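Proteins come first, then strands; the chains are lettered A, B, ... in the order of their sequence lines, and each starts at number 1. Computed from a predicted model, the values in this text were never measured in an experiment.
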2 protein chains.
Amino acid sequence: MQSRTRSVRAGRPRSAAADAAILAATRAALVELGWSKLTLGDVATRAGVAKTTLYRRWAGKSELVVDAVAGLFDELRLPDRGSLAADLEGVVLQFARILARPEAQSGLMAVIAEATRDEALRNRIRASIVDRQKRLVLEGRARAQSRGELPWEPDPEEAARTADLIFDMVAGTVVHRTLVSAEPADEAWVRHFTRVLLTGLRSGGPPEPSPLPRNPGGREGGTARAEGDSGD
Amino acid sequence: MQSRTRSVRAGRPRSAAADAAILAATRAALVELGWSKLTLGDVATRAGVAKTTLYRRWAGKSELVVDAVAGLFDELRLPDRGSLAADLEGVVLQFARILARPEAQSGLMAVIAEATRDEALRNRIRASIVDRQKRLVLEGRARAQSRGELPWEPDPEEAARTADLIFDMVAGTVVHRTLVSAEPADEAWVRHFTRVLLTGLRSGGPPEPSPLPRNPGGREGGTARAEGDSGD
DNA sequence: CCATTACGCTACGAGTCGTAGCGAAAGCGC
DNA sequence: GCGCTTTCGCTACGACTCGTAGCGTAATGG
């Protein structure tokens, strides 16, 4: 019993090289075949391991693909370009570039679809993919607040809600643009998007259940005035 | 040749009742089994038709589910509550309620995943689901502009880009909130989200390739004014 | 050297896929 | 009514994938 918490109790250890080969083979198979035509037998052959080895380590296709796709997001970094706008553009562009890869597209959406009926899978995705992305939001937000680019929110609950909203808006919009609209999230688009998002966040305080803001927001540079009073 | 463009040339017509039964059975199967465990044989049994009938009408599982899910979005309507904010909240809430249904969740994400490697399927999704949603964006936007709640954009190309952006932001954010974050898009959340979005849109003109908005926005105070003229 | 664990390989029943073939049913034009 | 055409229900089929069991071998620790 003393050997319970030992990383390796006894016997032959699992091959770390096999793990890497399997995950790489999974990504390659995702590129060539997509999710639906990907079979574990094929992945095993590509990786040079036996099919039974796969089943000893992963419960099924979904879990395997989650781990394979999670590796794609390891390169995500929060840049420090001096301003919130520049940092946000940088992160969004990185995210968009990852999502442009075919193995990310077919793999990620498929496991999310599977996760709608499998809570364990949902937690696995959250732990290995989503939470890591979300940390970038929290970091960038804290940095922007300390620079005075975003308002501080005294209420921690409200701050958490806002962080969640930012995360859903950033990740969701990029994903939708890339996968549903099927158009590239290039630099021009990212600039446009982050501009709208930041404008909304700078003054987006607590969601008062107030009436309708019929104030069109006055004029603001850019396109210049236009909506001023052209109403009917 | 005169009978070419006729809707029915001759012979026994296809049963419209069977179509409805099949689509309803598909939705029911999505609820009970989810995408991956849904089989066409099972759907045929539920619908009371032969499996071969299914294959005569749909090329495969993906096409069938697209049609089945598309029906869920038929009820989407653009309300007229007098203000852009209220209208937008209404639409987003409707969209969120549809996405809360299990058949929409597992079905929609799965076909989007499949569509990443199948252009014909992508077009089918666009025609039967996405475009219909997008029209609501265009209508609502036009109405808001005529009411003076949103700036007019003289350049049609720029206007189209903005409309696409709005659509990706709305649909993407709600989808991400519902499916990835797996938290309810309830009224409070919708209000928070639409508030940030609208604030960004009111002053979100053309994406000038300008430098960084190092304007910290000063204190955010309420909602109202904030970005007014605090530029340096 | 021995216990323990991982690995490769083969084989297997179970289930699904998509199609072919057949006879019967249901419309349309005459 | 009668034939032509298309659809429908049903059965059967080969091909494929799944996930597991069994066995002998390889690698590591005590």
Can you tell me whether the side chain of [X] and the base of [N] have a donor-acceptor pair closer than 3.5 Å?
| X | N | result |
| --- | --- | --- |
| B/Arg12 | D/dT6 | no |
| B/Lys51 | D/dG9 | no |
| B/Arg14 | C/dG27 | no |
| B/Arg56 | D/dG9 | yes |

**Q.** Ion pair check, B/Arg46 and B/Glu32, cut-off under 4.0 Å
**A.** yes

Q.
Can you tell whether the side chains of A/Asp164 and B/Arg177 come within less than 4.0 Å, N to carboxylate O?
A. no

Closest approach to the side chain of [X], judged atom by atom: which nucleotide of [options] is it?
| X | options | result |
| --- | --- | --- |
| B/Thr52 | D/dG19, D/dC8, D/dT11 | D/dT11 |
| A/Ala50 | C/dG8, D/dG19, C/dC17 | C/dG8 |
| B/Thr39 | D/dG22, C/dT16, C/dA11 | C/dT16 |
| A/Leu40 | D/dG9, C/dA6, D/dG19 | D/dG19 |

Can you check the [X] [atom1] to [N] [atom2] distance for me, whole Å?
| X | N | atom1 | atom2 | value |
| --- | --- | --- | --- | --- |
| A/Arg57 | C/dG8 | CZ | P | 8 Å |
| A/Trp58 | D/dC18 | CH2 | C1' | 18 Å |
| B/Tyr55 | D/dC8 | OH | P | 16 Å |
| A/Leu64 | D/dG19 | CG | P | 12 Å |
| B/Ile22 | D/dC8 | CD1 | P | 8 Å |
| B/Leu33 | C/dT16 | CG | C1' | 14 Å |
| B/Asp42 | C/dG18 | CG | P | 15 Å |

Q: Please determine, by modelled atom types, if B/Thr178 and B/Gln105 share a side-chain donor-acceptor pair under 3.5 angstrom.
A: no

(Q) Are B/Asp186 and B/Leu93 packed together at the side-chain level, in the sense that at least one heavy-atom pair is separated by less than 4.5 angstrom? (A) no

Q. Are any of the side-chain heavy atoms of A/Val43 and A/Trp58 separated by less than 4.5 Å?
A. no

Q.
Pick the closest DNA chain D nucleotide for A/Leu38 and for B/Gly48 by heavy atoms, then say which residue is nearer the 5' end.
A. B/Gly48

